[in-house]
Student: 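Here it is, the structure in full.
Every value quoted in this text rests on a predicted model; they were computed, and no experiment measured them. This chain uses plain numbering: 1 for the first residue, then up along the sequence.
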Amino acid sequence: MGLMMLAAMLSMTMAAVAKELVRELPVFEVVFFRQLFGTLLLAPVLLRPGANPLRTRRLGMHGLRALFNFVAILGYFTSLGLIPLAQITALGFTSPVFASLLAVLLLGEAVRTPRVVGLLLGFAGALIILRPGFETVSAGSLYVLGSAASWAVAMTCIKALSRTETSVAITFYAAFLQLPMALVAALFVWEWPTPGQLGLLLTISIIGTLAQISLSQAFREADSTVVLPMDFTKLVWASLLGYAIFAEVPDPWAWIGGLVVFSGVLGVAYGERQRRNRDAGE
């Protein structure tokens, strides 16, 4: 639970730094340096003696994952410059909801009651946050939802890849294959970053990597239903950082909708745990 809370804090800290960066540099360039430094940070792991961790026969699937991962990061970073951090975080909770739907449609997983309830709660929560008909749905909100949907496709690819690929290979190919995509896009709007901006770009890469390590270790240490509730602390950190750094006043509808979405995510996780326990007992 502590590791999940740490991952949530690190993720929101990275988002706050990135939010400042996209005010000064083109989004494509921020994404490029995020992937560049992320790839370089993996180099020590890849250079260790032993078996080749990058051996793969599924380069096409890695490429598909990288493409949707790139779209997700681009949408997320773009939204940072448009809407409050707390609203971005609340809408971001819809990603596991999209992933659950894709698991049914693409991977042929069974349609179970907890999953249906979770999907309904997820989309209901998103409507509470967006309030279409009462408020104009902003471009920033649409970017976040597009990012969440794209990340859900990426997670579905990861789930398929994890059956045959190592975690190192999955992580490396995602970062490495996104580099040319980000570079080509960044060249059209390139601005040379200052030394201070380069330091911040390196910072978000380090923080983002540490957040991923903390997240992975949290799921290794305990069941998802134990650690997943701590992920909701992202909204707390997003509200605090948004207010302290950017003078953003938290929207109560973001909190209410985020809680509804997260209840659906937790319900799906709990239902899957119950099913696994029943299967193990048979």
Student: Before you tell me yes or no, could you show the steps for L82 and S138 under side-chain contact (heavy atoms from CB on, under 4.5 Å), namely the whole-Å CA-CA distance, both residues' side-chain angles and the distance that decides it to 0.1 Å?
Tutor: CA-CA 9 Å; L82 299 174; S138 67; over 6 Å; no
Student: Can the ring centres of W190 and F33 be said to be less than 6.0 Å apart?
Tutor: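 That pair passes the under 6.0 Å test.
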Student: Provide the closest heavy-atom pair for S214 versus L10 in the form atom of the first, atom of the second, distance.
Tutor: OG-CD1, 4.1 Å
Student: Looking at A7, is its backbone amide N or carbonyl O close enough to the side chain of S11 to form a donor-acceptor pair, meaning the two atoms are under 3.5 Å apart?
Tutor: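 Yes, S11 side chain to A7 backbone: donor-acceptor pair under 3.5 Å.
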Student: Give the minimum heavy-atom separation between M14 and G208, together with the two atoms involved.
Tutor: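 Residues M14 and G208, closest heavy atoms: SD-CA, 3.7 Å.
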Student: Could you check whether atom CH2 of W253 has more than 12 heavy atoms from other residues, nucleotides or ligands sitting under 6.0 Å from it?
Tutor: no
Student: Taking only residues at least two apart or on different chains, which pairs with a member in residues 117-129 satisfy side chain to side chain donor-acceptor pair (under 3.5 Å)?
Tutor: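 Those involving residues 117-129 do not exist here.
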Student: Is there a donor-acceptor pair under 3.5 Å between the side chain of E191 and the backbone N or O of P26?
Tutor: no
Student: Under 3.5 Å, which donor-acceptor pairs link side chains of residues 176-183 to any protein atom two or more places apart or in another chain?
Tutor:
residue: Q178; atom: OE1; partner: F70; partner atom: N; Å: 3.2
residue: Q178; atom: NE2; partner: A174; partner atom: O; Å: 2.6

Student: For residues 12-24, which residue pairs qualify under side chain to side chain donor-acceptor pair (under 3.5 Å), counting only residues two or more places apart or in two chains?
Tutor: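 Passing the test, one end in residues 12-24: K19-E248, E24-Q197.
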Student: What pairs of residues pass the side chain to side chain donor-acceptor pair (under 3.5 Å) test when at least one of them lies in residues 69-97, not counting sequence neighbours?
Tutor: R65-N69, Q87-S141
Student: Considering only residues two or more places apart or on different chains, which pairs with a residue in residues 116-127 satisfy side chain to side chain donor-acceptor pair (under 3.5 Å)?
Tutor: none
Student: Can you list the residues that meet the side-chain contact (heavy atoms from CB on, under 4.5 Å) rule with A185, with sequence neighbours excluded?
Tutor: F28
